[in-house]
Amino acid sequence: MCARYAFFNGKVVADDLGVTPLPDLEPRYNIAPMQTAPVIVPSDGGWDMEMMRWGLIPSWAKDETIAQKLINARGEPLREKPSFRAAYKRRRCVIPANGFYEWSGKRGSKQPFFITLRGSDLMPLAGLWEEWETPEALLHTFTIITTEPNELISPIHTRMPVILAPEDVARWLDSDGVPVEEASQLLVPYPADEMQMTAVHPEVGRVVIDHPGLIEPIEKQTELF
DNA sequence: CCAGACGTTGTT
DNA sequence: GTCTGG
DNA sequence: CCAGACGTTGTT
DNA sequence: GTCTGG
């Protein structure tokens, strides 16, 4: 799964993707579901960054309570799912991240890990977005696609987010030129030998905590394993 | 036909 | 135990 | 994902 | 909106 991530280095989206970061972007070390975060979408032949809320709301939803259930979407059956298939065809997006968190252990003895890429600061995550009409306004929401874990993640989790290679970002975002059959080839586990994982402080579990110390390695507390 | 679901993960 | 909020 | 709430009435 | 279950 992927239910917490960090995006603190906005400059990498300019360097690696040519997308201008939003001017008022704050560095974030603990982005949680139901919060607003930047998302990259096609715009005027190029790509743009836009703030959206994490937790997808399909256009047909009667209220927004479904959002917290749709923070992730399994990649394999995307085409058949009523909640996702419309967005899969027309509204694919990339969630810019620098790394994501996963936890191992049971409640009360959770150990969080921060996972990053070895070769790059930018970790582009594959996602979908939707537009939901409230009585007052249009609400833009997104979800992060998951796949099977690679050998790095599988010891602690059964799923991991889909990470796109920079050269695949264009194909993922091109809904007009790249049909779902082709796009689905991108929804695979990222190579484990290009990723790394470090144990971090459990205070990342608290959504109100958001500072650079959250991604700093700590000594593994072996009694937790 | 109408009513109700539409989802993921982890844990048991 | 289970749901909600972030 | 984790953390925190989970409730009502009356009084200030 | 569309599919499934009854």
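Reminder, nothing fancy here: chain letters follow the sequence lines and each chain counts from 1.
Using cut-offs of 30° and 60° on the angle between ring planes, the pair A:Trp54 and A:Phe142 is parallel.
If you check B:dT12, B:dT8, C:dG6 against the side chain of A:Val207, the one that comes closest is C:dG6. The side chain of A:Phe84 sits closest to B:dT8 out of B:dT8, D:dC1, E:dT2.
A:Glu102 comes within contact range of no nucleotide atom at all, as no heavy-atom separation falls under 4.0 Å. Residue A:Arg159 is in sugar-phosphate contact alone, with no base atom involved, counting any heavy-atom pair closer than 4.0 Å across all strands shown. Nucleic acid contact class of A:Tyr101 (heavy atoms, under 4.0 Å, all strands): none. Nucleic acid contact for A:Arg53: none, since no nucleic acid atom lies under 4.0 Å from a heavy atom of the residue.
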Going through the distances and angles, do A:Met123 and A:Asn98 end up as a side-chain contact (heavy atoms from CB on, under 4.5 Å)? CA-CA 5 Å; A:Met123 178 185 277; A:Asn98 300 120; 6.0 Å; no

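Phosphate contact (OP1/OP2 of D:dC2, side-chain N/O of A:Arg206, threshold under 4.0 Å): absent. Regarding contacts with the backbone of E:dG1, every side-chain N or O of A:Lys62 stays at 4.0 angstrom or more from both OP1 and OP2. Close to B:dT9, at under 4.0 Å from its OP1 or OP2, lies a side-chain N or O of A:Thr146. Put simply, A:Lys110 has a side-chain N or O that comes within less than 4.0 Å of OP1 or OP2 on D:dC2. For B:dT9, one of the phosphate oxygens OP1 or OP2 lies less than 4.0 angstrom from a side-chain nitrogen or oxygen of A:Arg74.
A stacking contact links A:Trp60 to B:dC6: the aromatic ring centre lies within less than 5.5 Å of the base's six-membered ring centre, and the planes differ by less than 30°.
Computed from coordinates, the A:Leu78 CG to B:dT8 C1' distance equals 12 Å when rounded to whole Å. Computed from coordinates, the A:Glu80 CD to E:dG1 C1' distance equals 17 Å when rounded to whole Å. Taking atom NZ of residue A:Lys69 and atom P of nucleotide C:dG6, one finds them 18 Å apart after rounding to whole Å. A straight line from CD1 of A:Ile57 to C1' of C:dG5 spans 14 Å, rounded to a whole angstrom. In this structure, the CD1 atom of A:Ile209 is 16 Å from the C1' atom of C:dG5, given to the nearest Å. Taking atom CD1 of residue A:Ile66 and atom C1' of nucleotide E:dG1, one finds them 12 Å apart after rounding to whole Å. In this structure, A:Asp63 places its CG atom 14 Å from P of B:dC6, rounding to the nearest Å. Summarising the geometry, the separation between CZ on A:Arg4 and C1' on B:dT9 is reported as 14 Å, rounded to the nearest angstrom.
Donor-acceptor pairing under 3.5 Å, judged by distance alone, is absent between the side chain of A:Gln68 and the base of C:dG6.
Between C:dT4 and D:dG7, the two C1' atoms lie 16 Å apart (nearest whole Å). D:dT8 and C:dG5 have their P atoms separated by 16 Å, given to the nearest Å. Comparing the P positions of D:dC1 and B:dT9 gives an interatomic distance of 9 Å, to the nearest angstrom.
A salt bridge links A:Glu76 with A:Arg159: the closest approach of a Lys/Arg side-chain nitrogen to an acidic carboxylate oxygen falls below 4.0 angstrom. One finds a salt bridge joining A:Arg171 and A:Glu182 here, because a Lys/Arg side-chain nitrogen approaches an Asp/Glu carboxylate oxygen to under 4.0 Å. Of the charged side-chain nitrogens involved, none lies within less than 4.0 Å of a carboxylate oxygen, so that A:Arg90 and A:Glu131 do not count as a salt-bridged pair.
Pair check for D:dA3 finds C:dT4; Watson-Crick or G-U wobble, both atom distances under 3.5 Å. When both pairing distances are held under 3.5 Å, D:dT8 makes no Watson-Crick or G-U pair with any nucleotide shown.
Residues A:Glu50 and A:His140 bring a donor and an acceptor atom of their side chains to less than 3.5 Å of each other.
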